[in-house]
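This report concerns only the one structure given below.
A quick note: this is a predicted structure, and the numbers were derived from the prediction, not measured. A note on names: the letters A, B, ... follow the listed sequences, proteins ahead of strands, and every chain is numbered from 1.
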Amino acid sequence: SALIPAKYVYSRLDDLEVGTRVNVYGVVVFFKQPFKSSGTDYCSSLKITDQSNQRIGCNIFLSKLEEHPKIFQVGDIIRMHRVKVCRFNDSVSLINTFGFSAVTFDGSKGEPVEPRTSCQTIHFDEEDQRMVEQLRAWSFNQALLPTAPSVTLSTVQPSAYFDLSCQLLAKAPLDSSCTLLRVWDGTKCPHPLLKVLVDPEMTEGPSSFSPEQENLIANVLVYDNHVEVAEQLKPGDFLRIYNVRAVLGSSKVPGLAGTQTLEQDHLAFHLHRGTAYGRGIRVLPQTSPTVQELKSSHTVFNKHSFAQTTLGSGYCNGTFLLLLLLRKSQLEYCHNCWDYETSAIILLLFLL
DNA sequence: GCTTAGGCTTTG
């Protein structure tokens, strides 16, 4: 009867028989955010392991992005129902089949066991609770979770590849294959940050910020396949940008008909084309520990909250810009500097 | 309509 709850049996990863359809639990040791395949679906590519120490590759094809497993970092735990065991070359891999479902969990010992899923009605019982806790304990002993503190704008080393957790403030397409994401994480980068000149008309979100804010904002250039993902992002979103590269030195920036000059010795951030090394962008939910941490440990999100920096309309907008302009002119009078940003503010004042 | 990808020796 449909009223009898399903009892799921989970296969160990060293006990997968090619051709069968199984349910599995595993710790994520590698993953790519869903990307467009050359077929009709998005593909999530990941590798998992369990107490058997086998490492099994999985490919999940689903047309709807929201149905893909919500994997945020290596060490996350994933449960998959109805995957087919395949053989590719000489190794066993898993692929989703009809009725597939995936649920993920934070992999840290002691964290509450909260299933992450887009599905409203998931099966989750005491056995699942136990499975997650056992995998967490095992994974902790195997040191499968990243232990080093995450890299921030204040600790990033030039020429490093790293995962950046941040808030998106504004974005602008620079050309057909490159989009600028203006982000901050609440920390101050010790290196001067690359400035990018963009057409305010093309910018989503504020097109200028106070000088104090500008000092905290990193410009991330995302290329090719990431442009499409960037289009879906909204200013205010919390993001993790995977395998972003910090580049110190001169940077050629596309846009404004190629007029942007090289800026020497500024730190630029690039998300290169492709999905190698897990390159990609993910929106983090408000409930994620990372977002909670960003909000609580860095007062910048409260002091200069996004709502306050977002330009409204009419009178308030004009007042905000006027104050911004006055503050800018005070700050810059001694430098005898009247930059593009100031000109843009004046232009906007006239338009309002 | 029943494939798609099958990490990875990055770099505008």
Side-chain angles (χ1 to χ4, degrees), chain A residues 13 16 18 21 26-49 54-65 67-69 71 73-76 78 80 82-100 144 151 156-164 173-181 194 196 219-227 230 241-256 258-263 266-282:
Chain A
L13 298 178
L16 300 175
V18 173
R21 197 163 169 250
V27 180
V28 175
V29 293
F30 171 81
F31 68 102
K32 287 182 179 184
Q33 292 303 327
F35 58 94
K36 261 214 158 100
S37 73
S38 65
T40 57
D41 297 325
Y42 286 96
C43 174
S44 285
S45 206
L46 54 142
K47 193 167 268 182
I48 60 172
T49 189
Q54 287 290 317
R55 293 193 165 211
I56 304 292
C58 316
N59 288 299
I60 297 157
F61 296 98
L62 294 163
S63 57
K64 291 180 187 159
L65 268 179
E67 289 177 359
H68 279 257
I71 304 168
Q73 67 174 347
V74 162
D76 281 356
I78 187 166
M80 290 184 283
R82 300 172 200 94
V83 284
K84 193 173 78 182
V85 183
C86 304
R87 179 171 292 284
F88 175 70
N89 289 338
D90 261 342
S91 53
V92 165
S93 67
L94 298 171
I95 192 164
N96 58 309
T97 61
F98 186 74
F100 168 84
L144 287 178
V151 174
V156 66
Q157 297 297 311
S159 75
Y161 289 89
F162 68 108
D163 297 340
L164 178 63
L174 297 183
D175 65 21
S176 63
S177 66
C178 183
T179 291
L180 170 70
L181 300 182
L194 176 80
V196 183
N219 289 308
V220 184
L221 300 164
V222 311
Y223 294 95
D224 298 330
N225 52 312
H226 308 298
V227 166
I241 308 175
Y242 298 91
N243 197 240
V244 66
R245 184 177 179 227
V247 183
L248 189 61
S250 62
S251 295
K252 201 179 224 163
V253 178
L256 287 180
T259 53
Q260 300 211 40
T261 49
L262 304 175
E263 216 179 352
H266 282 236
L267 202 59
F269 297 92
H270 299 269
L271 183 65
H272 296 301
R273 78 166 74 92
T275 63
Y277 298 92
R279 282 198 288 259
I281 306 172
R282 171 118 217 170

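- Ring-base stacking between Tyr223(A) and dG12(B) is satisfied, the centre separation being under 5.5 Å and the plane angle under 30°.
- Here dA5(B) is the nucleotide among dC8(B), dA5(B), dG7(B) with the atom lying nearest to any side-chain atom of Ser38(A).
- Here Lys32(A) lies in heavy-atom contact (under 4.0 Å) with sugar-phosphate atoms only.
- Looking at Gln73(A), its side chain never comes within 3.5 Å of a backbone N or O of Val28(A) through a donor-acceptor pair.
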Expected list for residues 84-93 of chain A: side-chain donor-acceptor pairs under 3.5 angstrom, two or more places apart:
from     : atom 1 : to       : atom 2 : distance (Å)
Ser91(A) : OG     : Phe88(A) : O      : 3.3

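- Residue Asn89(A) is classed as having no contact, given no heavy-atom separation below 4.0 Å to the nucleic acid.
- Residue Tyr223(A) forms a side-chain hydrogen bond (donor to acceptor under 3.5 Å, both in side chains) with just one option from Arg279(A), His270(A), Arg273(A), and that option is His270(A).
- Residue contacts shown for Leu221(A) are absent, as no nucleic acid heavy atom lies under 4.0 Å away.
- Remark: the Thr40(A) side chain and the dT3(B) base include a donor-acceptor N/O pair separated by less than 3.5 Å.
- Taking atom CG on Asn96(A) and atom P on dT3(B), their separation rounds to 12 Å, with Å as the unit.
- When each of dG7(B), dT10(B), dT3(B) is scored by its nearest atom to the side-chain atoms of Arg279(A), the top-ranked nucleotide is dT10(B).
- Rounded to a whole Å, the NZ atom of Lys36(A) is 17 Å from the P atom of dT4(B).
- With hydrogens and angles left out, the side chain of His272(A) and the base of dG12(B) share a donor-acceptor pair within 3.5 Å.
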Show every donor-acceptor pair shorter than 3.5 Å between a side-chain atom in residues 54-63 of chain A and any protein atom, with sequence neighbours excluded, or say none if there are none.
from     : atom 1 : to       : atom 2 : distance (Å)
Asn59(A) : OD1    : Ser45(A) : OG     : 2.9

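- In this structure, CD1 of Ile60(A) is placed 14 Å from C1' of dG7(B), rounded to the nearest angstrom.
- An aromatic stack links Tyr277(A) and the base of dT10(B), using centre distance under 5.5 Å and interplanar angle under 30°.
- Stacking between Tyr161(A) and dT10(B) is shown: the ring centroid lies under 5.5 Å from the centre of the six-membered base ring, and the planes differ by under 30°.
- Under 3.5 Å, the side chain of Asn243(A) and the base of dT10(B) form at least one donor-acceptor pair of N or O atoms.
- Put simply, the side chain of Lys47(A) and the base of dG7(B) share a donor and an acceptor less than 3.5 Å apart.
- Put simply, the side chain of Arg273(A) and the base of dT10(B) share no donor and acceptor less than 3.5 Å apart.
- Going from atom NZ of Lys47(A) over to atom CG of Leu94(A) covers 12.0 Å, rounded to the nearest 0.5 Å.
- Going from atom CZ of Phe31(A) over to atom P of dC8(B) covers 15 Å, rounded to whole Å.
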